[in-house]
Novice: 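Mind having a look at this structure? Questions to follow.
Reminder, nothing fancy here: chain letters follow the sequence lines and each chain counts from 1.
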Amino acid sequence: MRSMTVRTRFAPSPTGYLHVGGARTALFSWLYARKHGGKFVLRIEDTDLERSTAESVNAILEGMTWLGLEYDEGPFYQTHRFDRYNAVIDDLMEKGLAYRCNCSRERLDQLRDEAMKHKQKPRYDGHCRARDISPDEPHVIRFRNPDTGVVVVDDLIRGRVSFNNEELDDLILRRTDGSPTYNLTVVVDDMDMQITHVIRGDDHLNNTPKQINILQAMGAGLPKYGHVPMILGDDGARLSKRHGAVSVMQYREDGFLPEALLNYLVRLGWSHGDQEIFSIDEMIELFDIDAVNKAASSFNTEKLMWLNQHYIKEDDPKRIAHLLSPHMGELGIDPAEGPDLADVASAHQERARTLVEMADMGAFCYKDFETFDPQAAKKHLRGVAREPLERMRTVLGSLGDWTEESLHAAVQQVSDDLEVKMGKVAQPLRVAVVGRAASPGIDVTLRLVGKAATLRRIDLALEFIRQREANAG
RNA sequence: GCUCCCUUCGUCUAGUGGUUAGGACGCUGGCCUCUCACGCCGGUAACAGGGGUUCGAGUCCCCUAGGGAGUACCA
């Protein structure tokens, strides 16, 4: 057992996109396998034919790929394994550990109502246990759950949790239509795939004793379980679309880096002292399933933003440029028609929290803005700005060498000549050239915009001031 | 209803009987500064409530409250 290699799995049902909660569960499972030199298996639990779709499978695979949670085996599809499930059910039947049941919906409903009325847990009464129902008439197959005793789950995260068998139901293993149910398929798969550590959402904690009983009936060994708590929205309510992005892929669209999301997710419900920043290697080295919190945690986009900015800041400008390019495209910009995108990215790395913000901030390097930001224009494109701008226009017009050094010197020179602080010259110039009051250093800004566009935009700004004064006058 | 689980600053968390209850995000004061950021220095804010156990409890036990999950021929 000790020498057995660790095998974990992620087993989503393909009924939607990969959401952050699932992603975190997958991450923990993946980290555990990586940390222990084990295998990470991907299994698609698609036995719900009604709700499972191929699009969802693709969405999940896409999300995992983006996050870099590569799997070693799979994806295995449960719909391909019905023969195997049926063989197991038949075997359980032969051993008398399962039985046919043809109780009607009505009877079951009645049973349930009755139990509720008496403040009891609704539970199948075993009516068909002793009846001999013909295989030819419509029926389901139920598991013969032990009547007494307790099932103890030594959960890696929750600690010891015990359930009385009296609380447990004779659950359905095979439906009337012949298809196997969830609790049976998971157990068979975990056994067949030799999963050693079942790390999953804590909505499955209540299923665990039932699954353990089935596993024992099959004579299989038990994996270790770790039930990770769920993720809530900022308001403490269950995470849903109204909280903003819940789909992993939405975060890519919103300009987040996968490593930022991963770092955020690993710190949600887990920590290693005071450390906030974890590279993938550090996560693998330091992650410990025992240290995962028991309580649900709320998703906080502000902190994710901070991490995202951190990674944007740290990353190679070339990679940022590569990732930024599609976001530029969203703004109708072709980065090939202008300064090197890595250069633009580099200038904005300390300013943008997301790639979407960066694209917005850097757009001025590629195209003329439509209008001046009203606030910025009101404050900086006034009569007093005319002279500084005219002088800048003259100095820059004759500047042969368009470098940060010469540009900085030019602004400095005009400021000195006018005997004003640099801001009195740089700010109007900035608004003239980028349309708003914030941008990288004025020297960098001018260099990126280029001489022709700079001069053109200064003229536009001077015209703006003239018109404004005419209107006011 | 019943079973199971959870509960430290607004949020993520540290803390394993003795701490001025620490860090991070956010918010905020200041420094830096051509703007915005970055960076740096400082501030703000928490043990759900009540009983025990103990010389001593955020840490152990019980109760209450509040939250969550399950209770399907969904997964």
Side-chain angles (χ1 to χ4, degrees), chain A residues 11-15 45-48 50-52 78 101 103 105 108 112 115-123 139-142 153 155 158-159 161-164 166-169 171-183 185-186 201-210 227 229-230 232 234-238 264 267-277 293-307 309 313 348-353 361 376 380 408 411-412 415 421-431 434 436-443 445:
Chain A
S13 58
T15 54
E45 307 213 325
D46 55 351
T47 53
D48 184 349
E50 302 281 303
R51 299 192 301 150
S52 299
Q78 293 193 317
C101 166
C103 288
R105 191 88 195 206
L108 264 19
R112 189 169 173 282
M116 292 279 267
K117 207 189 298 176
H118 292 85
K119 302 192 173 187
Q120 295 291 306
K121 179 176 171 128
R123 181 171 176 276
H139 66 273
V140 299
I141 306 252
R142 283 184 186 273
V153 182
D155 196 275
R158 313 310 266 259
V161 183
S162 28
F163 300 82
N164 282 316
E166 288 100 69
E167 301 294 335
L168 272 26
D169 226 343
L171 68 251
I172 291 173
L173 261 22
R174 177 150 71 204
R175 304 184 182 92
T176 308
D177 68 3
S179 62
T181 59
Y182 167 75
N183 281 300
T185 60
V186 198
D202 75 355
D203 45 332
H204 291 296
L205 184 57
N206 289 292
N207 286 325
T208 308
K210 304 176 197 174
H227 288 93
M230 53 186 296
L232 309 173
D234 327 44
D235 56 357
R238 186 174 190 149
Y264 179 72
R267 274 288 286 108
L268 198 58
W270 175 79
S271 63
H272 179 73
D274 286 339
Q275 187 169 344
E276 295 288 347
I277 306 298
N293 267 207
K294 298 175 182 195
S297 34
S298 298
F299 197 91
N300 184 241
T301 308
E302 288 297 324
K303 187 154 183 182
L304 206 210
M305 288 264 198
W306 173 74
L307 277 166
Q309 179 171 37
K313 220 161 41 184
H348 291 91
Q349 273 178 294
E350 291 185 342
R351 287 159 231 274
R353 294 189 300 171
M361 290 175 179
H380 299 291
H408 183 82
V411 177
Q412 186 68 257
S415 308
K421 285 192 170 183
M422 209 172 163
K424 294 289 181 197
V425 177
Q427 268 314 82
L429 183 55
R430 170 173 284 114
V431 177
V434 314
R436 27 178 119 164
S439 83
I442 194 67
D443 43 4
T445 299

Novice: By nearest atom, which of the nucleotides B:A75, B:C25, B:C38 is closest to the A:E302 side chain?
Specialist: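 Ranking B:A75, B:C25, B:C38 by closest atom to the A:E302 side chain puts B:C25 first.
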Novice: Can you tell me which nucleotide in B:G22, B:U3, B:G1 comes closest to the side chain of A:F163?
Specialist: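 Per side-chain heavy atoms of A:F163, the pick is B:U3.
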Novice: Partner of B:U7 by Watson-Crick or G-U wobble geometry, both contacts under 3.5 Å, or none?
Specialist: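 Partner of B:U7: B:A65.
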Novice: Would you kindly give the CG-to-P distance between A:N293 and B:U59, to the nearest whole Å?
Specialist: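 Atom-to-atom, A:N293 to B:U59, this comes out as 16 Å.
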Novice: Taking any strand in view, what nucleotide pairs with B:U16 in a Watson-Crick or G-U wobble way, both distances under 3.5 Å?
Specialist: none
Novice: Taking any heavy-atom pair under 4.0 Å as a contact, classify A:K313: base, sugar-phosphate, or nothing.
Specialist: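 Contact class for A:K313: sugar-phosphate only.
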Novice: For the side chain of A:N300, starting at C-beta, report the closest nucleotide among B:A75, B:C6, B:U11.
Specialist: B:U11
Novice: How would you label the contact of A:A437 with the nucleic acid (heavy atoms, under 4.0 Å): base, sugar-phosphate, or nothing?
Specialist: base
Novice: Could you measure between the two C1' atoms, the one in B:U35 and the one in B:A14, and give it in whole Å?
Specialist: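 Those two atoms are separated by 39 Å.
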Novice: Write down the protein N/O and nucleotide N/O pairs, taken from nucleotides 60-69 of chain B, whose separation is under 3.5 Å; answer none if there are no such pairs.
Specialist:
unit_1 : atom_1 : unit_2 : atom_2 : d
B:A69  : OP1    : A:R238 : NH1    : 2.9
B:A69  : O2'    : A:D203 : O      : 3.4
B:A69  : N3     : A:N206 : ND2    : 3.2

Novice: Identify whether any heavy atom of A:E276 sits under 4.0 Å from a base atom; if not, whether one sits that close to sugar-phosphate; answer base, sugar-phosphate or nothing.
Specialist: base
Novice: For A:S162, report the nucleic acid contact type (base, sugar-phosphate, nothing); a contact means any heavy atom under 4.0 Å.
Specialist: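 Sugar-phosphate: the residue A:S162, judged by heavy atoms under 4.0 Å, touches backbone atoms but no base.
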Novice: Taking atom CD of A:Q78 and atom CG of A:D48, what is their separation to the nearest 0.5 Å?
Specialist: 11.0 Å
Novice: Using only heavy-atom distances, determine whether the side chains of A:N183 and A:T181 contain a donor-acceptor pair under 3.5 Å.
Specialist: no
Novice: What interatomic distance, in whole Å, is found between P of B:U28 and the corresponding atom of B:A37?
Specialist: 11 Å
Novice: Mind checking whether A:D203 and A:M230 have side chains closer than 4.5 Å, heavy atoms only?
Specialist: no
Novice: Where the side chain of A:A438 is defined as all heavy atoms beyond and including C-beta, which of B:A37, B:U7, B:U35 is the nearest nucleotide?
Specialist: B:U35
Novice: If I pick the P atom on B:G10 and the same atom on B:C5, what distance separates them, to the nearest angstrom?
Specialist: 27 Å
Novice: Say we look at B:G50 and B:C9: how far apart would their C1' atoms be, to the nearest angstrom?
Specialist: 23 Å
Novice: Please determine whether salt bridge (charged side-chain N to carboxylate O under 4.0 Å, His left out) holds for the pair A:R267 and A:E276, giving the CA-CA distance in whole Å, both sets of side-chain angles, and the decisive distance to 0.1 Å.
Specialist: CA-CA 7 Å; A:R267 274 288 286 108; A:E276 295 288 347; 3.2 Å; yes
Novice: Taking the side chain as every heavy atom from C-beta outward, state whether A:H348 and A:P440 have any pair of such atoms under 4.5 Å apart.
Specialist: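 Yes, at least one pair of side-chain atoms sits under 4.5 Å.
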Novice: Could you work out which one of B:C34, B:A75, B:A14 sits closest to the side chain of A:I442?
Specialist: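 Minimum distance to the A:I442 side chain belongs to B:C34.
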Novice: Considering only B:C12, B:U11, B:C34, which nucleotide approaches the side chain of A:Q427 most closely?
Specialist: B:C34
Novice: Pick the P atom in B:G22 and in B:C61, then give their distance to the nearest Å.
Specialist: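 Going atom to atom, P in each nucleotide, I get 25 Å.
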Novice: What is the distance from CE of A:M422 to P of B:C34, rounded to the nearest Å?
Specialist: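 After rounding, the reported distance stands at 7 Å.
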Novice: Take atom C1' in B:C12 and the same atom in B:U7, then report the distance between them in whole Å.
Specialist: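 Nearest-Å result for B:C12 against B:U7 at atom C1': 15 Å.
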Novice: Taking the side chain of A:I172 as heavy atoms from C-beta outward, which of B:C4, B:C73, B:C38 is closest to it?
Specialist: B:C73
Novice: So which nucleotide from B:C12, B:A37, B:G26 ends up closest to the side chain of A:R351?
Specialist: B:A37
Novice: Would you indicate which nucleotide in B:A24, B:U7, B:C73 comes nearest to any side-chain atom of A:K303?
Specialist: B:A24
Novice: NA contact type, A:Q349, heavy-atom cut-off 4.0 Å: base, sugar-phosphate, or nothing?
Specialist: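 Here A:Q349 touches no strand at all.
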Novice: Rounding to a whole Å, what distance do you find between A:W306:CH2 and B:C25:P?
Specialist: 5 Å
Novice: Which one is paired to B:U53, where only Watson-Crick or G-U wobble pairs with both distances under 3.5 angstrom count?
Specialist: none
Novice: Tell me which nucleotide, if any, is Watson-Crick or G-U wobble paired with B:C40 when both distances must be under 3.5 Å.
Specialist: B:G30
Novice: Looking at every strand, decide which applies to A:P229 at a 4.0 Å heavy-atom threshold: base, sugar-phosphate, or nothing.
Specialist: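 No contact at all - A:P229 keeps every heavy atom at 4.0 Å or more from the nucleic acid.
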Novice: For the pair made of CD in A:Q309 and C1' in B:C25, what is the distance, rounded to whole Å?
Specialist: 12 Å
Novice: Counting side-chain heavy atoms from CB outward, which of B:A75, B:U13, B:G22 is closest to A:R267?
Specialist: B:U13
Novice: Just checking A:V140: base, sugar-phosphate only, or nothing, at a heavy-atom cut-off of under 4.0 Å?
Specialist: base
Novice: Do the side chain of A:Q275 and the base of B:G23 come within less than 3.5 angstrom through a donor-acceptor pair of N or O atoms?
Specialist: no
Novice: Do any side-chain nitrogens or oxygens of A:K294 fall under 4.0 Å of OP1 or OP2 in B:C5?
Specialist: no
Novice: Distance between the C1' atoms of B:U33 and B:G68, in whole angstroms?
Specialist: 50 Å
Novice: Give A:S297 one of three labels, base, sugar-phosphate or nothing, depending on what nucleic acid heavy atoms sit under 4.0 Å from its own.
Specialist: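 The residue A:S297 makes sugar-phosphate contact but no base contact.
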Novice: Taking the side chain as everything from C-beta on, heavy atoms only, tell me whether A:F299 gets closer than 4.5 Å to A:L304.
Specialist: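 Touching, per the 4.5 Å side-chain cut-off.
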Novice: Does one side chain, of A:S439 or A:T445, offer a donor that lies under 3.5 Å from an acceptor on the other?
Specialist: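 Checked: A:S439/A:T445 side chains pair up, N/O donor to acceptor below 3.5 Å.
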Novice: Is there a Watson-Crick or G-U wobble partner for B:U59 with both distances under 3.5 Å, and if so, which one is it?
Specialist: none
Novice: Could you work out the separation of B:U59 and B:C47 based on their C1' atoms and round it to a whole Å?
Specialist: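 Approximately 10 Å lies between the C1' atom of B:U59 and that of B:C47.
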Novice: Under 4.0 Å, heavy atoms only, any strand: does A:G441 hit a base, just the sugar-phosphate, or nothing?
Specialist: base
Novice: Could you pick out which residue, A:S298 or A:T47, lies toward the 5' side of RNA chain B when each is mapped onto its nearest nucleotide?
Specialist: A:S298
Novice: Give none if B:A46 has no partner; otherwise give the nucleotide forming a Watson-Crick or G-U wobble pair with it, both distances under 3.5 Å.
Specialist: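 Result: none.
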Novice: Where each residue is assigned the nucleotide of RNA chain B containing its nearest heavy atom, which of A:A295 and A:D46 is assigned the position nearer the 5′ end?
Specialist: A:A295
Novice: Starting at atom CG of A:L168, determine the distance to atom C1' of B:C4, rounded to an integer number of angstrom.
Specialist: 11 Å
Novice: To the nearest 0.5 Å, how far apart are NZ in A:K210 and NE2 in A:H204?
Specialist: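 Nearest 0.5 Å value for the NZ-NE2 distance: 11.5 Å.
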